[in-house]
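What follows is a set of notes on a single structure, which appears directly below.
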Amino acid sequence: MRILFMGTSEFAIPTLQALVAHKFEIIGVVTQPERPSGRGKRVTPTPVKAEGLRYNLTVYQPEKVRHARFLKTLEQLAPDIIVVAAFGQLLPQAMLDIPPCGTVNLHPSLLPKYRGAAPIQWTLINGETETGVTVMLVDAGEDTGDIICQERIDIGLKDTAVTLTDTLAHLGAKRLVRILNEMPPNRPPAAVSQNHAHATHAPRLTKENGHINWQQPATEIHNLVRGTAIWPGAYTFLSQNLRLKILQCLPQPRTLTVPPGTLHIENRQTLLVATGEGTLQVLKIQPATKKEMDARDFINGYQLRTGNRFL
RNA sequence: CGCAGGGUAGAGCAGUCUGGUAGCUCGUCGGGCUCAUAACCCGGAGGACGUGGGUUCAAAUCCCACCCCUGCAA
């Protein structure tokens, strides 16, 4: 079976690796073109491109997959099936019509919930206690296609976007391999349509999504820290120009009778912040232009005292 | 050639503008106090101030080059 793989980010890697490990015939890898990025405007390969080249696979990087030129390339490649994971562009119907066995996508949520670009992040931000992966047939909509199978898992209090992405990527890779192994010949696998009435949307995060509002309950701020861990990070300000990312924290049940955002320091090493409801203990923090550090180092180096405030 | 901050003791930072004995909060080691401590008191060890060159009587500090780290932006 001739498989064309499409993916871009880290999330797609375990699936690509699994396909290689199970000796599927991968006729090519499609990933987004790399663009000048990072400090100094450097150009870095997408994770999928780097991995694809490592396996000596042919890598395609069309500017837009819907452009006629790429569709033509695709026809010549004549894949039996297209496997998609975190690719980053919507696929046009003209493209979906090409592979006889269809186009399957791995999505890190329990569809129809959390359709869109940032399902894992929003799942955490909203404080969900369970999530999962969905393997589905791609249609022209955004994550609206028929569901082939799903697998749910519990979300732990220590889970962040980083750990969940890793867990779901591996879980999904296994599922996908099983589906490919059980494929009927020359037609798409069986699937059932989504209950569109229950759909929710998880749009790409913006930088502003990471801005901490200390009026919120400690648990919600904690969820924000977990959900924005990959990007943009949950941030606040110590002064007008000192921006800080809260990297790790823990909600505490006790209540401080001071305005939200006020710091309470115990024994020069425990950093508590008053919130709208409950208290947030900050464990790891990163001041702008500095490396990640423990709360204790932050307190010592920045000479913090009870009564200082996060803005 | 995107914008910016940084590299000083094991950690986090000040000192650099205005050159003149290496500092702060911790940690660590030793001692003391206490029923007790992540508490408190006393004392000690621990630094080629990122690297190389230059200016100077004198450089962490001023000048030049390079290496490394990070935030923003994408």
Side-chain angles (χ1 to χ4, degrees), chain A residues 7-12 30-50 59 61-65 86-90 116-118 120-121 160-162 165 202-214 221 224-254 256 261-274 279-311:
Chain A
T8 299
S9 67
E10 209 63 51
F11 178 77
V30 184
T31 191
Q32 299 242 32
E34 54 260 61
R35 302 192 168 82
S37 67
R39 202 180 301 135
K41 218 174 142 191
R42 282 188 304 266
V43 192
T44 29
T46 70
V48 165
K49 178 179 185 178
V59 175
Q61 297 182 276
E63 187 61 34
K64 301 275 186 194
V65 289
F87 175 65
Q89 288 181 27
L90 282 181
I120 297 171
Q121 289 86 334
T160 68
V162 177
T165 297
R204 189 177 301 282
L205 295 180
T206 67
K207 198 174 29 165
E208 189 53 30
N209 283 319
H211 197 147
I212 294 173
N213 173 4
W214 293 105
I221 296 171
L224 183 72
V225 169
R226 299 195 295 153
T228 58
I230 296 174
W231 190 90
Y235 59 90
T236 186
F237 294 86
L238 182 58
S239 64
Q240 205 80 48
N241 24 355
L242 185 56
R243 177 191 170 112
L244 308 161
K245 265 189 204 166
I246 308 288
L247 301 179
Q248 202 183 111
C249 60
L250 205 57
Q252 302 289 359
R254 58 188 284 192
L256 300 170
T262 306
L263 308 191
H264 183 82
I265 291 156
E266 293 185 340
N267 301 317
R268 290 208 182 88
Q269 61 180 349
T270 303
L271 177 55
L272 301 171
V273 189
T279 305
L280 194 70
Q281 178 177 3
V282 175
L283 299 171
K284 291 202 165 148
I285 195 164
Q286 180 178 32
T289 81
K290 293 290 187 181
K291 289 180 187 170
E292 161 181 352
M293 63 182 77
D294 291 337
R296 182 171 55 171
D297 296 329
F298 181 60
I299 292 165
N300 286 331
Y302 288 75
Q303 311 257 319
L304 297 181
R305 284 182 233 160
T306 292
N308 287 145
R309 297 196 53 182
F310 283 154
L311 307 178

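Computed from a predicted structure; not experimentally measured. Protein chains get the first letters and strands the later ones, always in sequence-line order, with residue 1 at the start of each. Values reported hereafter were calculated over all heavy atoms of this structure, with side chains retained and with hydrogens, waters and symmetry mates removed.
- Under the Watson-Crick or G-U wobble criterion, with both distances below 3.5 Å, B/C24 is paired with B/G12.
- With P as the reference atom, B/G47 and B/A58 are 26 Å apart, rounded to whole Å.
- To the nearest whole angstrom, the two P atoms, one in B/C62 and one in B/C49, are 15 Å apart.
- Base pairing of B/G19: no nucleotide in any strand meets the Watson-Crick or G-U wobble criterion (both distances under 3.5 Å).
- Looking at the side chain of A/Lys245, the nearest of the listed nucleotides B/G71, B/G12, B/A38 is B/G71.
- With P as the reference atom, B/G6 and B/G15 are 10 Å apart, rounded to whole Å.
- Across B/U70 and B/C13, the matching C1' atoms stand 16 Å from one another, rounded to whole Å.
- Following rounding to the nearest Å, A/Lys41 (NZ) and B/C72 (C1') show an atom-to-atom distance of 16 Å.
- Rounded to whole angstrom, the span from the CZ atom of A/Phe237 across to the C1' atom of B/G71 amounts to 11 Å.
- Salt-bridge check for A/Glu34 with A/Arg42: failed, with every basic side-chain N at 4.0 Å or more from each acidic carboxylate O.
- If you take NZ of A/Lys290 and P of B/C13, they are 4 Å apart, rounded to a whole angstrom.
- Between A/Tyr302 and A/Phe298, the angle of the ring planes lies from 30° to 60°, which puts this pair in the tilted group.
- Atom P of nucleotide B/C68 and atom NZ of A/Lys291 are separated by 13 Å, given to the nearest angstrom.
- When rounded to the nearest whole Å, the span between CG of A/Asn300 and C1' of B/A9 equals 15 Å.
- When the C1' atom is used for both B/C72 and B/U61, the distance is 29 Å, rounded to whole Å.
- One P atom belongs to B/C57, the other to B/A11, and the distance between them is 37 Å to the nearest Å.
- Pairing for B/A39 is absent, with no Watson-Crick or G-U wobble pair whose two atom distances lie under 3.5 Å.
- When each of A/Gln286 and A/Tyr302 is assigned the nucleotide of RNA chain B with its nearest heavy atom, A/Tyr302 is the one assigned upstream, toward the 5' end.
- Taking atom C1' on both B/A74 and B/U28, the two are 45 Å apart, rounded to the nearest angstrom.
- Spacing between B/U8 and B/U51 at atom C1', rounded to whole Å, works out to 15 Å.
- Whole-Å rounding puts the A/Arg296 CZ to B/A38 C1' distance at 9 Å.
- Taking a pair to require two hydrogen-bonding distances under 3.5 Å in either a Watson-Crick or a G-U wobble arrangement, B/A65 pairs with B/U51.
- Within the shown strands, B/U70 is the pairing partner of B/A4 under the Watson-Crick or G-U definition, both distances less than 3.5 Å.
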- Task: Let me see the working for A/Leu271 and A/Ile265 under side-chain contact (heavy atoms from CB on, under 4.5 Å), right down to the final yes or no.
- Result: CA-CA 5 Å; A/Leu271 177 55; A/Ile265 291 156; 4.0 Å; yes
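- One finds the OG1 atom of A/Thr270 at 9.5 Å from the CZ atom of A/Arg296 (value rounded to the nearest 0.5 Å).
- The CD-P distance, from A/Gln303 to B/U25, rounds to 7 Å in whole Å.
- Between A/Phe237 and A/Leu244, the closest heavy-atom pair is C-CD1, 4.5 Å.
- The backbone N or O of A/Phe87 sits less than 3.5 Å from a side-chain atom of A/Thr8, completing a donor-acceptor pair.
- When the C1' atom of B/G2 is taken as reference, atom CZ of A/Arg42 falls 12 Å away, rounded to whole Å.
- When distances are taken from the side chain of A/Asp297 to each of B/G12, B/A74, B/A39, the shortest belongs to B/G12.
- Within the 4.0 angstrom heavy-atom criterion, base atoms lie near A/Arg39.
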